[in-house]
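Remarks on the structure that follows.
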2 protein chains.
Amino acid sequence: MKGFGDYLRKVREQRRAEDATFSVRQLAARVGVEPSYLSKVERGQQPPPSEKTIAALARELDLDPDVLLAMAGKVSGDLQAIIRNRPKLFADLIRQLKDMPDHAVLRLVREVRDGEW
Amino acid sequence: MKGFGDYLRKVREQRRAEDATFSVRQLAARVGVEPSYLSKVERGQQPPPSEKTIAALARELDLDPDVLLAMAGKVSGDLQAIIRNRPKLFADLIRQLKDMPDHAVLRLVREVRDGEW
DNA sequence: AGTAGTGTGTAGTATATGGTACACGCATGA
DNA sequence: TCATGCGTGTACCATATACTACACACTACT
């Protein structure tokens, strides 16, 4: 499970190839943490940061926050809030979708979005 | 937001009316915590316990664990794991269902369960 | 009078979380 | 050579989480 830090470093280096402001120091400054902290996170010497910091990283690096949070072993607070509002409903639904293939779930997403039901 | 403790106490007292083993002390023992701790939780002097302890309480009191967890401001780890496995998919779906009425979501649950799609 | 069981008050604790502060050595360019 | 920026090592820290341990006062029964 060395995913989060390695991925972060990889993406940052990619951005940096085009834009020198994606150094550890400058990115850390924009994100609002100490450079040494970000460095350690990237090398897996520290566990992934808080949701807030991860969201800021996703913004700066133009990544999907939910995906980045997932790599950090977290689920965003707003999703959790939605589930907590109607726990039985959402718990049942999610557990039933657990083993469904991606395309099936995706179809559901689209059906709901397009109001075809 | 005094929900969790009050609800816990209410339900425990209900059970106790029929079964004297639902005292703070005995329930605490079965659940695996100190009586004084459970007492404080019921009176809101301590924040809700861990997911593990909440699950044990739900078992003993015959409550839905997801609902009890929700009252404690939590979402069960297994649901989170399902979401983390396919974050984009589930995040999109859940956010789209956020403002849907119960019966609509419920219909979806049933459709998936019955394979009508 | 004594024993058992009840709820609760006070105090303390171990571990995790999410970082900060500062200094070091290296590279680059003026 | 000297300032600037770089990544990183070491040390420390504040707050939250999730409890335990123990004593106390009360009630009910025997």
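Reminder, nothing fancy here: chain letters follow the sequence lines and each chain counts from 1.
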Next item on the list: Decide yes or no for A:L8 and A:L61: does some side-chain heavy atom of the first lie under 4.5 Å from some side-chain heavy atom of the second?
Entry: yes
Next item on the list: Taking the side chain as every heavy atom from C-beta outward, state whether A:R12 and A:V24 have any pair of such atoms under 4.5 Å apart.
Entry: yes
Note to self: Can you measure A:E51 atom CD to C:dT17 atom P for me and round it to whole angstrom units?
What the structure shows: 15 Å
Notebook entry, point to check: Who passes salt bridge (charged side-chain N to carboxylate O under 4.0 Å, His left out) against A:K98, sequence neighbours left out?
Noted result: none
Next item on the list: Check DNA chain C against residues 58-83 of chain B and give the residues with a non-hydrogen atom under 4.0 Å, in numerical order.
Entry: none
Checklist line | B:R30 (side chain) donor-acceptor with B:T21 (main chain) under 3.5 angstrom | finding: yes
Notebook entry, point to check: When you check the phosphate oxygens OP1 and OP2 of C:dG5, does a side-chain N or O of B:R16 lie under 4.0 Å from one of them?
Noted result: no
Which atom pairs, donor and acceptor, lie under 3.5 Å between side-chain atoms of residues 65-75 of chain B and protein residues at least two apart or in another chain?
| from | atom 1 | to | atom 2 | distance (Å) |
| --- | --- | --- | --- | --- |
| B:D66 | OD1 | A:R95 | NH2 | 3.1 |
| B:D66 | OD2 | A:R95 | NH1 | 2.9 |
| B:D66 | OD2 | A:R95 | NH2 | 3.4 |
| B:K74 | NZ | B:P49 | O | 3.2 |

Next item on the list: Report yes if the side chains of A:I94 and A:I83 come closer than 4.5 Å at any heavy-atom pair, otherwise no.
Entry: yes
Notebook entry, point to check: Would you say a side-chain N or O of B:R12 is under 4.0 Å from OP1 or OP2 of C:dT6?
Noted result: no
Margin query: Looking at C:dG9, I'd like to know if its phosphate oxygens (OP1 or OP2) sit under 4.0 Å from a side-chain N or O belonging to B:R43.
Written below: yes
Checklist line | Along DNA chain D, first and last positions that approach a heavy atom of chain A under 4.0 Å | finding: D:dC6 to D:dA11
Item checked: Test item: A:R9 side-chain N/O and A:R43 main-chain N/O as donor-acceptor pair under 3.5 Å -> no
Next item on the list: Determine whether B:F90 and B:N85 make a side-chain contact, defined as any pair of heavy atoms from C-beta on separated by less than 4.5 Å.
Entry: no
Item checked: Residues in contact with DNA chain C, drawn from residues 26-39 of chain B - heavy-atom cutoff 4.0 Å -> B:Q26, B:P35, B:S36, B:S39
Check: Are B:R107 and B:H103 side-chain neighbours, meaning at least one heavy-atom pair lies under 4.5 Å?
Finding: no
Notebook entry, point to check: Under the side chain to side chain contact (heavy atoms under 4.5 Å, CB included) test, which residues partner A:D62, sequence neighbours left out?
Noted result: A:R15
Item checked: Rounded interatomic separation in angstrom, taking CZ from A:R25 and P from C:dA27 -> 15 Å
Notebook entry, point to check: Which residue, B:S23 or B:Q45, contacts DNA chain C at a nucleotide closer to its 5' end, judged by nearest heavy atom?
Noted result: B:S23
Note to self: With a 4.5 Å cut-off on side-chain heavy atoms, are B:L57 and B:L63 touching?
What the structure shows: no
